[in-house]
Amino acid sequence: MTYRVGYAPGVYDLFHVGHLNILRHARNRCDYLVAGVVSDEMARQAKGRPPVVPLTERLEIVRSIRFVDAAFVETVPDKLETWRQVRFDAIFKGDDWRGTEKGERLERDFAGVGVEVVYFPYTVHTSSTLLRRALDGLVESA
């Protein structure tokens, strides 16, 4: 199914091929793709640490990806509030959310407003967390 407006939220810290895969898959499923870039403060709240790359730079990187039609800064944790501002038909997430409490809550919340939660394969071999650990290891051994 092709959606009119799709939304792909993420921190997009230490941009890597997993991020690119989500954005590519999302763009193939919608006419217009909005990437939600989580603010530094929201990322800190969710992950317990700030992103390595500051918001302005992450936003510029994501805006420059050819699959992305627009980028939106997420400043509230409530995805329904974000939906009220952006008005998307589908939200795209990695399948690491499928079957989890947060994924089920997302599905429940969006079912009430007619938005589908669409999962894409999570890129297992790379993540910002793994990249951060590798960088930390390099710093410690230096």
Side-chain angles (χ1 to χ4, degrees), residues 1-140:
M1 172 175 204
T2 300
Y3 303 95
R4 193 173 58 75
V5 178
Y7 187 69
V11 177
Y12 298 109
D13 194 22
L14 300 172
F15 196 89
H16 55 76
V17 74
H19 295 137
L20 190 61
N21 288 341
I22 287 282
L23 295 171
R24 178 186 303 115
H25 291 310
R27 187 61 179 86
N28 286 334
R29 297 288 304 274
C30 63
D31 296 326
Y32 189 86
L33 178 62
V34 179
V37 181
V38 174
S39 71
D40 292 344
E41 183 55 37
M42 286 247 319
R44 188 178 294 108
Q45 287 175 9
K47 299 188 180 261
R49 63 186 186 281
V52 172
V53 178
L55 175 62
T56 56
E57 294 177 22
R58 292 182 288 118
L59 195 56
E60 184 64 27
I61 290 165
V62 170
R63 277 189 178 135
S64 298
I65 304 298
R66 68 181 167 114
F67 307 116
V68 175
D69 295 297
F72 176 85
V73 177
E74 271 196 27
T75 58
V76 294
D78 182 358
K79 296 284 190 249
L80 280 176
E81 180 58 37
T82 300
W83 172 80
R84 287 182 193 96
Q85 295 173 44
V86 179
R87 293 296 177 164
F88 44 86
D89 307 303
I91 185 169
F92 302 108
K93 296 299 289 179
D95 64 3
D96 55 319
W97 277 57
R98 188 191 311 265
T100 66
E101 184 180 323
K102 61 187 177 180
E104 289 172 0
R105 183 173 51 250
L106 199 65
E107 291 172 27
R108 224 178 11 257
D109 290 349
F110 280 120
V113 294
V115 171
E116 278 195 58
V117 178
V118 179
Y119 297 103
F120 293 126
Y122 182 74
T123 307
V124 179
H125 66 277
T126 189
S127 72
S128 296
T129 301
L130 290 173
L131 290 172
R132 183 183 275 244
R133 281 191 203 133
L135 289 172
D136 288 345
L138 291 173
V139 170
E140 289 170 7

Say you draw a straight line from CD of Gln85 to CZ of Arg87; how long is it, rounded to the nearest 0.5 Å? 10.0 Å
Measuring from Leu23:CG to Arg66:CZ, what's the distance to the nearest 0.5 Å? 11.5 Å
Are [X] and [Y] side-chain neighbours, meaning at least one heavy-atom pair lies under 4.5 Å?
X: Asn28; Y: Phe67; answer: no
X: Phe15; Y: Val53; answer: no
X: Leu106; Y: Lys93; answer: yes

Provide the closest heavy-atom pair for [X] versus [Y] in the form atom of the first, atom of the second, distance.
X: Ala71; Y: Arg63; result: CB-CG, 3.5 Å
X: Leu55; Y: Val38; result: CD1-O, 3.9 Å
X: Glu104; Y: Gly99; result: OE2-O, 3.6 Å
X: Asp13; Y: Pro51; result: OD2-CA, 3.2 Å
X: Asp78; Y: Leu80; result: OD1-N, 2.9 Å
X: Asp40; Y: Pro54; result: OD1-C, 4.0 Å

Backbone of [Y] reached by a side-chain donor or acceptor of [X] within 3.5 Å:
X: Asp89; Y: Val115; value: no
X: Asp69; Y: Val34; value: no
X: Asp95; Y: Tyr119; value: no
X: Trp97; Y: Lys102; value: no
X: His25; Y: Ile22; value: no
X: Arg58; Y: Val11; value: yes
X: Arg105; Y: Arg108; value: no

Given Phe72 and Leu59, is the side-chain contact (heavy atoms from CB on, under 4.5 Å) satisfied, shown in steps? CA-CA 8 Å; Phe72 176 85; Leu59 195 56; over 6 Å; no
What residues, two or more places apart in sequence or in another chain, satisfy side-chain hydrogen bond (donor to acceptor under 3.5 Å, both in side chains) together with Glu60?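 Expected list: none.
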Do Tyr32 and Tyr7 make the cut of ring centroids closer than 6.0 angstrom? no
Centroid separation under 6.0 Å, is that true for the rings of Phe120 and Phe92?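 Ring centroids of Phe92 and Phe120 are less than 6.0 Å from each other.
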Does Arg4 CZ have over 12 foreign heavy atoms under 6.0 Å away?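 Result for CZ/Arg4: open.
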Show me the pairs that pass salt bridge (Lys or Arg N to Asp or Glu O under 4.0 Å) and involve residues 29-39, at least two apart or across chains. none
For Leu33 and Cys30, run side-chain contact (heavy atoms from CB on, under 4.5 Å): C-alpha distance rounded to whole Å, both residues' side-chain angles, the deciding distance at 0.1 Å, then the answer. CA-CA 6 Å; Leu33 178 62; Cys30 63; 3.8 Å; yes
Before giving the answer on side-chain contact (heavy atoms from CB on, under 4.5 Å), spell out for Ile91 and Lys79 the whole-Å C-alpha distance, their side-chain angles and the decisive distance to 0.1 Å. CA-CA 10 Å; Ile91 185 169; Lys79 296 284 190 249; 4.3 Å; yes
With side-chain contact (heavy atoms from CB on, under 4.5 Å) as the criterion, how do Phe110 and Glu116 come out once you've worked through the C-alpha distance, each side chain's angles and the decisive distance to 0.1 Å? CA-CA 7 Å; Phe110 280 120; Glu116 278 195 58; over 6 Å; no
